Amino acid sequence: SGGDLKAADVDMVVKQHAPLCMQTLHNALCQNKHLKHGGRMQYGLFLKAIGLPIKEALSFWQTAFTIKTEEQFQKEYAYNIRHNYGLEGKRVSYTAYSCSKIIKENSPSSGDYHGCPFRHFSQGNLEATLYKNKIPVNQVKELMNLVRGSHYQMACTKYFEITHPDHEKISIIEHPNTYYELSLGETD
Ligand code: SF4
């Protein structure tokens with residue numbers, strides 16, 4: 001984590017470079033001005049790993065949420081954000097979740113937006129999302145076939161290839177932050 005991203009840049013970089021799971025969380029946050037705990041963890045740790053420093057993270061979340069008072073934000077949210085950055089409690093600096101963790105653990109319930117869209121969205125919702133993101137019909141079919149075969153990370157990798165047609169061939173996506181870095185052009 002470079003630690004130089006600004007809160008005001010999150011919207012742009014996420015829309016351009018983040019995988020579908022993080023786009024889903026970002027859109028839900030913008031629309032609802034809120035995310036439940038599972039979503040705040042998955043998205044918050046992702047943002048930390050792409051280089052959002054603690055000060056910017058606090059500002060990002062306070063702006064994104066409908067917060068009544070500074071006191072309410074401090075009491076209900078700021079501790080958890082600082083905790084994720086290893087500044088509270090056991091002072092462990094938590095790592096962003098991998099795809100297999102997101103796919104296998106802590107399935108979303110209604111009102112949750114965390115998880116992997118390829119694994120956790122209904123077929124109808126996933127198809128609608130793909131069309132909304134301008135994926136051509138043949139490729140939507142291909143992606144849905146991968147999903148029906150439980151090849152969620154392959155579907156995500158294919159989605160990357162479709163949306164980055166000029167990118168060199170990539171290996172299978174194992175981590176949302178790898179997806180982001182590849183999209184940004186920081187290939188290792
Ligand atoms: Fe996110 Fe991984 Fe699912 Fe892709 S495969 S949407 S990066 S959890």
Side-chain angles (χ1 to χ4, degrees), residues 1 5 10-32 35-52 57 60 64 84 94-136 139-188:
S1 51
L5 193 65
V10 168
D11 186 66
M12 186 187 68
V13 296
V14 165
K15 282 180 179 155
Q16 280 183 11
H17 299 298
L20 210 47
C21 51
M22 302 304 170
Q23 305 239 9
T24 300
L25 285 162
H26 185 77
N27 291 341
L29 177 60
C30 293
Q31 237 164 45
N32 306 335
L35 273 183
K36 290 192 179 181
H37 180 73
R40 296 202 300 272
M41 289 296 290
Q42 182 177 322
Y43 192 39
L45 290 172
F46 169 81
L47 292 176
K48 175 186 159 196
I50 70 172
L52 192 67
F60 171 78
N84 279 349
Y94 293 91
T95 315
Y97 299 165
S98 67
C99 294
S100 78
K101 183 178 170 77
I102 292 170
I103 287 168
K104 288 183 198 136
E105 293 175 22
N106 188 24
S107 290
S109 311
S110 83
D112 281 328
Y113 293 91
H114 68 265
C116 171
F118 296 105
R119 167 65 183 89
H120 295 117
F121 276 16
S122 70
Q123 209 166 296
N125 188 19
L126 181 56
E127 261 175 355
T129 303
L130 295 172
Y131 284 124
K132 200 179 108 231
N133 292 355
K134 309 212 162 39
I135 306 299
Q139 291 174 314
V140 170
K141 284 187 182 145
E142 208 179 319
L143 290 167
M144 295 311 294
N145 280 335
L146 287 169
V147 166
R148 275 190 286 268
S150 306
H151 305 300
Y152 312 116
Q153 290 172 234
M154 278 170 70
C156 182
T157 309
K158 183 85 209 158
Y159 183 86
F160 181 99
E161 288 169 359
I162 296 165
T163 53
H164 300 74
D166 298 327
H167 201 284
E168 65 190 47
K169 190 158 171 47
I170 60 165
S171 43
I172 189 157
I173 297 292
E174 304 275 9
H175 200 292
N177 287 94
T178 308
Y179 185 114
Y180 175 84
E181 280 156 26
L182 286 166
S183 178
L184 205 64
E186 292 170 12
T187 41
D188 352 270

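When a ligand or atom number is given, it counts from 1 through the structure's own listing order. Just so you know, these numbers come straight off a predicted model, no measurement behind them.
Side-chain contact annotation: His114 with Tyr43, donor-acceptor N/O pair under 3.5 Å absent.
Counting heavy atoms from C-beta on, the side chains of Phe60 and Leu5 never come closer than 4.5 Å. In this structure the side chain of Thr163 reaches within 4.5 angstrom of the side chain of Ile135, judged on heavy atoms. The shortest side-chain heavy-atom distance between Phe160 and Ser183 falls under the 4.5 Å cut-off.
Looking only at protein N/O/S atoms, the ones less than 2.8 Å from atom 2 (Fe) of ligand 1 make 1 in total.
Side chain of Ser98 to backbone of His175: no donor-acceptor contact under 3.5 angstrom is found.
Listed here is the closest heavy atom pair of Gln153 and Ile173: NE2-O, 2.8 Å.
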